[in-house]
Amino acid sequence: MTPKYWKQAATDLAASDRTMQQIIQKFDGDILNSRGDAFTTLARSIVGQQISVKAAESVWQKTLTTVPDITPLSIAHTESDLLRSCGLSHRKTIYLKDLAQHFIDGVLNETHWNRMDDEALIIQLTQVKGIGRWTAEMFLIFHMLRPDVLPLDDAGLQRAISQHYNDSQPVDKKVMRELAKPWQPWRSVATWYLWRSLDPLPVEY
């Protein structure tokens, strides 16, 4: 599943920001893809916490080899030691099992999500152990396909903004917010292109 707004967003971003225009032209044809499964997206986000895209993909592929059908029930029924053998930390194993239980128990229910705004959904998701604001924002971008999410705590976004907009000097959240104002209402798309500019592998969750 791809966002219907992507072409319009890319056109608007290129028109409003010359640096963004150059990045978009370089990766013309690339697009964010949603896997269409809420549990998988959240699970991949947990796996990807605080490690590189390449490392996260490696751990995820090992997890898929061990548990080919990733569902709340399959994760709940897989021994923790087996999950850890895939490269998951003890803490991430606990988080994945807790996430699975929330789905099994119906605490996380997709029925109402489309009617919730970004902040309300972030608040609900962050009630789950191991899901902080960053993980919730990844979910909004990659599963809900919300167009205007700006994940200020994301290290890749910080690095890309530093590199492309601030002579490789560190940037704080205030600077990031100001730089991102011209990107509204397409900050998710701008973020994705900035990630893409840093890594040969497209970011996916």
For Glu119, give me all partners under salt bridge (charged side-chain N to carboxylate O under 4.0 Å, His left out), at least two apart in sequence or on another chain. Arg133
Here the ring pair (Phe, Tyr, Trp, His ring centres under 6.0 Å) pairs for residues 10-38, sequence neighbours left out, are none
Could you list all the side chain to side chain donor-acceptor pair (under 3.5 Å) pairs where at least one residue sits in residues 170-183, not counting sequence neighbours? Asp17-Trp183, Asp153-Lys173, Glu178-Lys181
Distance (rounded to the nearest 0.5 Å) between Leu194 CG and Ser162 OG: 11.5 Å
Mutual orientation of the aromatic rings belonging to Trp6 and Tyr193 [parallel < 30°, tilted 30-60°, perpendicular > 60°]: tilted
Compare every heavy atom of Ala100 with every heavy atom of Pro72, then report the nearest pair and how far apart it is. O-CB, 3.3 Å
Restricting to side-chain contact (heavy atoms from CB on, under 4.5 Å), what partner residues turn up for Arg115, sequence neighbours left out? His112
Do Leu99 and Ile75 have side-chain heavy atoms sitting under 4.5 Å apart? no
Evaluate the side-chain proximity of Glu137 to Leu150: yes if any heavy-atom separation is below 4.5 Å, no if none is. no
Contact check, side chains of Ile141 and Trp195, non-hydrogen atoms, under 4.5 Å: yes
Take Asp98 and His102 through the test side chain to side chain contact (heavy atoms under 4.5 Å, CB included) and record every step on the way to the result. CA-CA 6 Å; Asp98 187 63; His102 274 77; 3.3 Å; yes
Partners of Phe139 by ring pair (Phe, Tyr, Trp, His ring centres under 6.0 Å), sequence neighbours excluded? Trp113, His143
Apply side chain to side chain contact (heavy atoms under 4.5 Å, CB included) to Met20 and Tyr165, showing your working. CA-CA 10 Å; Met20 190 62 62; Tyr165 292 91; 3.6 Å; yes
Just jot down the side-chain contact (heavy atoms from CB on, under 4.5 Å) partners of Gln158, sequence neighbours excluded, or say none. Met176
Nearest 0.5 Å, please: how far is CG in Leu64 from OG1 in Thr40? 8.5 Å
Would you name the heavy atoms of Pro170 and Asn166 that are closest together and state the gap between them? O-ND2, 3.2 Å
Apply side chain to side chain contact (heavy atoms under 4.5 Å, CB included) to Thr191 and Val149, showing your working. CA-CA 8 Å; Thr191 295; Val149 179; over 6 Å; no
In terms of heavy-atom contacts, Pro3 and Leu145 come closest through CG-CD2, 3.9 Å
Test item: Val107 and Val128 side chains (from C-beta on) under 4.5 Å apart, heavy atoms: no
Please report the interatomic distance CG(Leu88) to OG1(Thr93), rounded to the nearest 0.5 Å. 4.5 Å
So, does Asn109 use its side chain to make a donor-acceptor pair with the main chain of Thr111 at under 3.5 Å? yes
Show the nearest heavy-atom pair for residues Ala76 and Ile104, with the distance to one decimal. CB-CD1, 3.8 Å
Is a donor on one side and an acceptor on the other found under 3.5 Å between the side chain of Lys92 and the backbone of Gln49? yes
With Arg196, which residues qualify under side chain to side chain donor-acceptor pair (under 3.5 Å), at least two apart? Asp30
Show your reasoning for whether side chain to side chain contact (heavy atoms under 4.5 Å, CB included) applies to Lys97 and Ser80. CA-CA 9 Å; Lys97 286 189 166 289; Ser80 295; 3.3 Å; yes
Only pairs at least two apart or in different chains count here, so list each side chain to side chain donor-acceptor pair (under 3.5 Å) that has a residue in residues 61-70. Glu57-Gln61
Are the side chain of Ser188 and the backbone N or O of Asp148 linked by a donor-acceptor pair below 3.5 Å? yes
I need the full list of ring pair (Phe, Tyr, Trp, His ring centres under 6.0 Å) pairs touching residues 41-92, with sequence neighbours left out, sorted by first then second residue. none
Contact between Leu125 and Leu140 at the side-chain level, heavy atoms closer than 4.5 Å - yes or no? yes
Under 3.5 Å: donor-acceptor pair, side chain of Ser34, backbone of Phe142: yes
Counting C-beta onward and ignoring hydrogens, is there a side-chain heavy-atom pair between Val189 and Ile24 closer than 4.5 Å? no
Given side chains that start at C-beta, do those of Pro151 and Met138 come closer than 4.5 Å, heavy atoms only? yes
So if you build clusters from Ile, Leu, Val, Met, Phe, Trp, Tyr with side-chain heavy-atom gaps below 4.5 Å, do Trp134 and Leu198 land together? no
Has Glu79 got more than 12 heavy atoms of other residues, nucleotides or ligands less than 6.0 Å from its CD? no
Leu157 and Asp154 have their tightest heavy-atom pair at N-OD2, 2.8 Å
Gap separating the NZ atom of Lys26 from the CG atom of Asp28, nearest 0.5 angstrom: 13.5 Å
Residues passing the side-chain contact (heavy atoms from CB on, under 4.5 Å) test with Pro147, sequence neighbours excluded, are Tyr5, Trp186
Which heavy atom of Ile70 sits nearest a heavy atom of Val67, and at what distance? CD1-O, 3.3 Å
State plainly whether one hydrophobic cluster holds both Val53 and Val47, where clusters connect Ile, Leu, Val, Met, Phe, Trp and Tyr through side-chain heavy atoms under 4.5 angstrom apart. yes
Could you pull out all residues at least two apart from Arg146 that satisfy salt bridge (charged side-chain N to carboxylate O under 4.0 Å, His left out)? Asp118
Supply the atom-to-atom distance Tyr95 OH to Ser45 OG, rounded to the nearest 0.5 angstrom. 14.0 Å
Quick one, Ile23 and Leu13 - any side-chain contact, counting heavy atoms below 4.5 Å? no
Is Asp117 atom CG crowded by more than 12 heavy atoms from other residues, nucleotides or ligands, each under 6.0 Å away? yes
For Ile123, the hydrophobic cluster (side chain heavy atoms closer than 4.5 Å, chained through members) also holds none
